[in-house]
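One structure is given here, and the rest of the page talks about it.
Because the structure is predicted, anything quoted here is derived from the model rather than measured.
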Amino acid sequence: MERAPSPLLLLLLLLSSLAVVRSAAVVSAPIKTPSVAPKSLPINYIQEVGSCAYEVTIATSCSSAPFTTGEIGVLFGDSHGNQIIEKKLNNGDKVFDSCSTDSFVLKDRPCSVGISYMYIYKDGAENWVPKSVEISGSETEPLLFNFNSSIPNNTWFGFDVPPYTFPPPSDDSPPPFPWLSPPPPPPEPPVEPVFPPPLPPSSSSKLSGQKWGIIAGILGLLIVALP
């Protein structure tokens, strides 16, 4: 009789399957080489409060220094002005050691519509080499940024992902802002009916009018002559 698999074995199989599904859902950023952030990028060092949370997972390369005492920050956002910044990542443990992976949860942040850029910041003398940075959130799909290079000191360094281009609306779709649609044309004035001109009076009607005038004159004379 075959033995049923132990609960521990079933749990390990479940965790491994979840790890495979999660790794398959993470998409790598299309930009392969990190660079210094452009000077035109606005950075809001005073973080706005929002309703979304993010998880930032940073893997440190094995070629990195054994440990780092510097501060590591992260900055990312979308093309609509939503920006998330954390100037010092800290989860209470010793982080960013060589060959280590550290995760950080950022709560109450603005809700980003996708990720259009991502940069990290190092303030320290050690040669810290990040392997990758993964960002996932309640409103964004997980996105993986592969570094495998050292970070310049006191400089935002990372990736500028091409922003998403929204498709143009179809001709049949209603306007996005009805109050901006052009007003309807004014109604046309009513057409007045054309009547034919009146007919001229006939000669018989002229004669009857003259007769009645004579009769009225005679009656007036008679009334005056009466005592």
Roughly how far, to the nearest 0.5 Å, is the [atom2] atom of [Y] from the [atom1] atom of [X]?
{"X": "I72", "Y": "F104", "atom1": "CD1", "atom2": "CZ", "value": "9.0 Å"}
{"X": "L144", "Y": "N146", "atom1": "CG", "atom2": "CG", "value": "4.5 Å"}
{"X": "L75", "Y": "K87", "atom1": "CG", "atom2": "NZ", "value": "11.5 Å"}
{"X": "F96", "Y": "L89", "atom1": "CZ", "atom2": "CG", "value": "5.0 Å"}
{"X": "L41", "Y": "D160", "atom1": "CG", "atom2": "CG", "value": "7.5 Å"}
{"X": "W156", "Y": "I43", "atom1": "CH2", "atom2": "CD1", "value": "6.0 Å"}

(message) Could you work out, with salt bridge (charged side-chain N to carboxylate O under 4.0 Å, His left out) as the rule, every residue matching E48, not counting sequence neighbours?
(response) none
Do [X] and [Y] have side chains that approach each other closer than 4.5 Å (heavy atoms only, starting at C-beta)?
{"X": "Y121", "Y": "N154", "answer": "yes"}
{"X": "F145", "Y": "I115", "answer": "yes"}
{"X": "V56", "Y": "F76", "answer": "yes"}
{"X": "M118", "Y": "V74", "answer": "yes"}

Is it true that a side-chain atom of [X] and a backbone atom of [Y] form a donor plus acceptor pair closer than 3.5 Å?
{"X": "T140", "Y": "G114", "answer": "no"}
{"X": "N153", "Y": "G124", "answer": "yes"}
{"X": "Q47", "Y": "Q83", "answer": "yes"}
{"X": "T155", "Y": "F157", "answer": "no"}
{"X": "S116", "Y": "S79", "answer": "yes"}
{"X": "Y54", "Y": "S112", "answer": "yes"}

(request) Just do the side chain to side chain contact (heavy atoms under 4.5 Å, CB included) check on I120 and F147 with the steps written out, would you? (result) CA-CA 10 Å; I120 53 180; F147 279 84; 3.7 Å; yes
(request) Check the side chains of T57 and S103 for a donor-acceptor pair under 3.5 angstrom, ignoring hydrogens and angles. (result) yes
Looking at every non-hydrogen atom in both residues, tell me the closest pair between [X] and [Y] and how far apart they are.
{"X": "D78", "Y": "V113", "answer": "OD2-N, 2.7 Å"}
{"X": "I151", "Y": "P130", "answer": "CG1-CD, 3.5 Å"}
{"X": "S61", "Y": "S98", "answer": "O-OG, 3.6 Å"}

(message) Test: salt bridge (charged side-chain N to carboxylate O under 4.0 Å, His left out). Region: residues 99-122. Which pairs qualify, not counting sequence neighbours?
(response) E86-R109
(request) Step by step, work out the side chain to side chain contact (heavy atoms under 4.5 Å, CB included) result for N44 and I85. (result) CA-CA 8 Å; N44 302 321; I85 185 172; 5.8 Å; no
